[in-house]
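Below: one structure, written as structure tokens.
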Amino acid sequence: MKIQFAPLYIPLKRRFQTAAVLQWIFSFLFLAQCCMILFVGLLFTRLWLVSVLYAAWWLLDWDTPHKGGRRNQFLRKSIVWRYMRDYFPVTLVKTADLDPRKNYLVGFHPHGVLVAGAFLNFCTEATGFSKLFPGLTSHLMMLTVWFRVPFFRDYLMSGGLIASDKESASSVLRKPGGGNILVIAVGGAQEALDARPGAFTLLLKNRKGFVRLAIEHGVSLIPAFSFGENELFDQVDNPKGSWLRNMQHRLQKVMGISLPLFHARGIFQYSFGLIPYRRPIFTVVGKPIHVEQKHNPSQEEVNQLHQTYIGELCKLFEEHKAKYNVPKEKHLEFI
């Protein structure tokens with residue numbers, strides 16, 4: 001493999017952008033482990049009281065990730081996220097106005113390796129969410145297991161992340177007065193195993209729980225497609241039936257998270273590393289699909305709305321793909 005090195009002189013702004021992406025990668029790959037080690041390690045030092053007091057607070061605050069979380073506007077508006085936005089760059093695209101008196105459920109596609117577009121657009125103000133959608137508050141769902149890590153859980157909630165379960169979803173969608181957007185990366189961790197440049201395969205054919213949620217709460221469904229999400233990392237070949245794919249599925253069943261073996265570029269060379277490629281992301285938020293509320297929808301009603309949603313998602317993709325350099329022969333594939 002021929003290694004391509006970065007120029008010796010790197011502008012200061014680009015250094016800040018790279019540093020911002022590095023801390024994001026570190027946050028989602030290593031920070032949880034560091035927080036757990038810190039929590040346990042403090043118990044064996046003179047600062048043991050810190051962990052004890054936090055444990056007491058943790059028990060009192062245990063249900064917060066399931067009840068809308070606890071965001072911190074100061075952290076959401078941090079300049080770090082603006083540098084990270086400019087690294088790719090990332091752009092949030094609105095196609096329709098949303099009524100701030102209503103609640104909405106947004107299906108985010110594709111998941112990608114690390115859900116970069118969803119995080120920057122809905123967990124920070126780097127791409128101007130509050131200006132594009134005034135009066136609305138975004139909530140992005142994340143695997144519940146991450147909210148069981150001390151200290152790390154508070155970091156996650158500061159951006160608007162909440163636990164990924166029905167209780168958490170319902171707490172947002174049933175809030176009186178409206179003004180809330182619940183964002184679900186529908187394909188989840190399993191879809192991350194198919195995330196690679198040029199891929200438009202979505203794990204959606206049998207994912208209908210979010211549709212049932214929308215009907216039960218009578219909230220509009222909104223498809224969102226993030227062009228460029230799969231272009232950030234290469235992934236080790238893991239075709240279905242291979243030993244690697246089977247191992248990844250087994251680990252997912254045990255741990256609840258998938259472990260895609262991804263790589264991209266390094267800090268000082270462009271050939272190999274864990275830093276994502278500098279490729280633009282355009283997250284296009286579609287138009288709302290009106291949903292009639294029914295507390296116990298039949299499977300037929302769920303299936304019908306699911307097909308409507310897929311149709312609107314395909315329409316959104318086809319209408320915008322030419323703007324974002326997707327070949328015209330490329331179409332969405334559902335598994």
Only distances under 3.5 Å count here; give the side-chain donor-acceptor pairs of residues 147-154 to other protein atoms, sequence neighbours excluded, each with its distance to 0.1 Å.
{"residue": "R153", "atom": "NE", "partner": "F147", "partner atom": "O", "Å": "3.4"}
{"residue": "R153", "atom": "NH1", "partner": "D61", "partner atom": "OD2", "Å": "3.0"}
{"residue": "R153", "atom": "NH2", "partner": "D61", "partner atom": "O", "Å": "2.8"}
{"residue": "D154", "atom": "OD1", "partner": "R70", "partner atom": "NH2", "Å": "2.9"}
{"residue": "D154", "atom": "OD2", "partner": "Y54", "partner atom": "OH", "Å": "2.4"}

Fit a plane to each ring of F227 and Y324, take the angle between them on a 0 to 90° scale, and name the class: parallel (under 30°), tilted (30 to 60°) or perpendicular (over 60°). tilted
Angle class for the F30/F26 ring planes (parallel below 30°, perpendicular above 60°, tilted otherwise)?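 F30 vs F26 ring planes: tilted.
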Within a 6.0 Å radius of atom CG on D97, are there more than 12 heavy atoms belonging to other residues, nucleotides or ligands?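 Result for CG/D97: open.
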Counting only heavy atoms not in K208, do more than 12 fall under 6.0 Å of its NZ? yes
Does [X] share a hydrophobic cluster with [Y], counting links as ILVMFWY side-chain heavy atoms below 4.5 Å and allowing steps through other members?
{"X": "I184", "Y": "F122", "result": "no"}
{"X": "V186", "Y": "I181", "result": "no"}
{"X": "V106", "Y": "L92", "result": "yes"}
{"X": "V183", "Y": "L203", "result": "no"}
{"X": "F133", "Y": "W81", "result": "yes"}

Side chains of [X] and [Y]: does their closest heavy-atom pair fall under 4.5 Å?
{"X": "P297", "Y": "R212", "value": "yes"}
{"X": "S298", "Y": "V302", "value": "no"}
{"X": "K175", "Y": "H139", "value": "yes"}
{"X": "H306", "Y": "L204", "value": "yes"}
{"X": "Q299", "Y": "Q304", "value": "no"}
{"X": "L221", "Y": "F210", "value": "yes"}
{"X": "L22", "Y": "I25", "value": "no"}
{"X": "R196", "Y": "D234", "value": "no"}

So, [X] side chain and [Y] main chain: donor-acceptor pair closer than 3.5 Å or not?
{"X": "T91", "Y": "F282", "answer": "no"}
{"X": "Q293", "Y": "E216", "answer": "yes"}
{"X": "E229", "Y": "G117", "answer": "yes"}
{"X": "R279", "Y": "E231", "answer": "yes"}
{"X": "S51", "Y": "W48", "answer": "no"}
{"X": "S242", "Y": "R245", "answer": "yes"}
{"X": "S168", "Y": "S164", "answer": "no"}
{"X": "T95", "Y": "V285", "answer": "yes"}
{"X": "N230", "Y": "A195", "answer": "no"}

Euclidean distance, [Y] [atom2] relative to [X] [atom1], rounded to 0.5 Å:
{"X": "L259", "Y": "L251", "atom1": "CG", "atom2": "CG", "result": "5.5 Å"}
{"X": "C123", "Y": "M142", "atom1": "SG", "atom2": "CE", "result": "9.0 Å"}
{"X": "R207", "Y": "L202", "atom1": "CZ", "atom2": "CG", "result": "11.5 Å"}
{"X": "L156", "Y": "L140", "atom1": "CG", "atom2": "CG", "result": "10.0 Å"}
{"X": "K315", "Y": "E312", "atom1": "NZ", "atom2": "CD", "result": "5.5 Å"}
{"X": "N238", "Y": "N246", "atom1": "CG", "atom2": "CG", "result": "10.5 Å"}

Could you check, using the six-membered ring where one of them is a Trp, whether [X] and [Y] have ring centers closer than 6.0 angstrom?
{"X": "Y309", "Y": "H109", "result": "yes"}
{"X": "Y83", "Y": "Y87", "result": "no"}
{"X": "F225", "Y": "F108", "result": "no"}

Residues that, via side-chain heavy atoms closer than 4.5 angstrom, fall in one hydrophobic cluster with V236: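 For the cluster that includes V236, the remaining residues are W243, L244, L261.
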Starting from Y277, walk the hydrophobic network (Ile, Leu, Val, Met, Phe, Trp, Tyr; side-chain heavy atoms closer than 4.5 Å) and list everyone else you reach, by chain and number. none
Which atoms form the tightest heavy-atom contact between A214 and V291, and what is the distance?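 Answer, listing the atom of A214 first, then V291: O-CG1, 3.7 Å.
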Please lay out, stage by stage, how Q190 and Q248 fare under the test side chain to side chain contact (heavy atoms under 4.5 Å, CB included). CA-CA 9 Å; Q190 188 175 342; Q248 288 171 324; over 6 Å; no
Under the side chain to side chain contact (heavy atoms under 4.5 Å, CB included) test, residues paired with P260 that sit two or more places apart: V113, A192, L193, Q235, S258, F262
Salt bridge (Lys or Arg N to Asp or Glu O under 4.0 Å) partners of [range], not counting sequence neighbours, each pair once:
{"range": "residues 34-45", "value": "none"}
{"range": "residues 287-296", "value": "K294-E301"}
{"range": "residues 38-50", "value": "none"}
{"range": "residues 71-92", "value": "R76-E125"}

Can you sort out the partners of [X] under side-chain hydrogen bond (donor to acceptor under 3.5 Å, both in side chains), two or more places apart, ordered by chain and number?
{"X": "Y155", "result": "S27"}
{"X": "T124", "result": "none"}
{"X": "T308", "result": "none"}

With side chain to side chain donor-acceptor pair (under 3.5 Å) as the criterion, how do Q307 and N303 come out once you've worked through the C-alpha distance, each side chain's angles and the decisive distance to 0.1 Å? CA-CA 6 Å; Q307 286 303 312; N303 292 341; over 6 Å; no
Is there a donor-acceptor contact under 3.5 Å linking the side chains of [X] and [Y]?
{"X": "N103", "Y": "H217", "result": "no"}
{"X": "T137", "Y": "N180", "result": "no"}
{"X": "T201", "Y": "D194", "result": "no"}

Would you give me the side-chain donor-acceptor pairs under 3.5 Å for residues 325-335, sequence neighbours excluded?
{"residue": "H331", "atom": "ND1", "partner": "E318", "partner atom": "OE2", "Å": "2.8"}

Stepwise, does the side chain to side chain contact (heavy atoms under 4.5 Å, CB included) test hold for L105 with V172? CA-CA 10 Å; L105 196 161; V172 172; over 6 Å; no
Step by step, would you call L305 with I289 a side chain to side chain contact (heavy atoms under 4.5 Å, CB included)? CA-CA 9 Å; L305 181 57; I289 302 168; 4.2 Å; yes
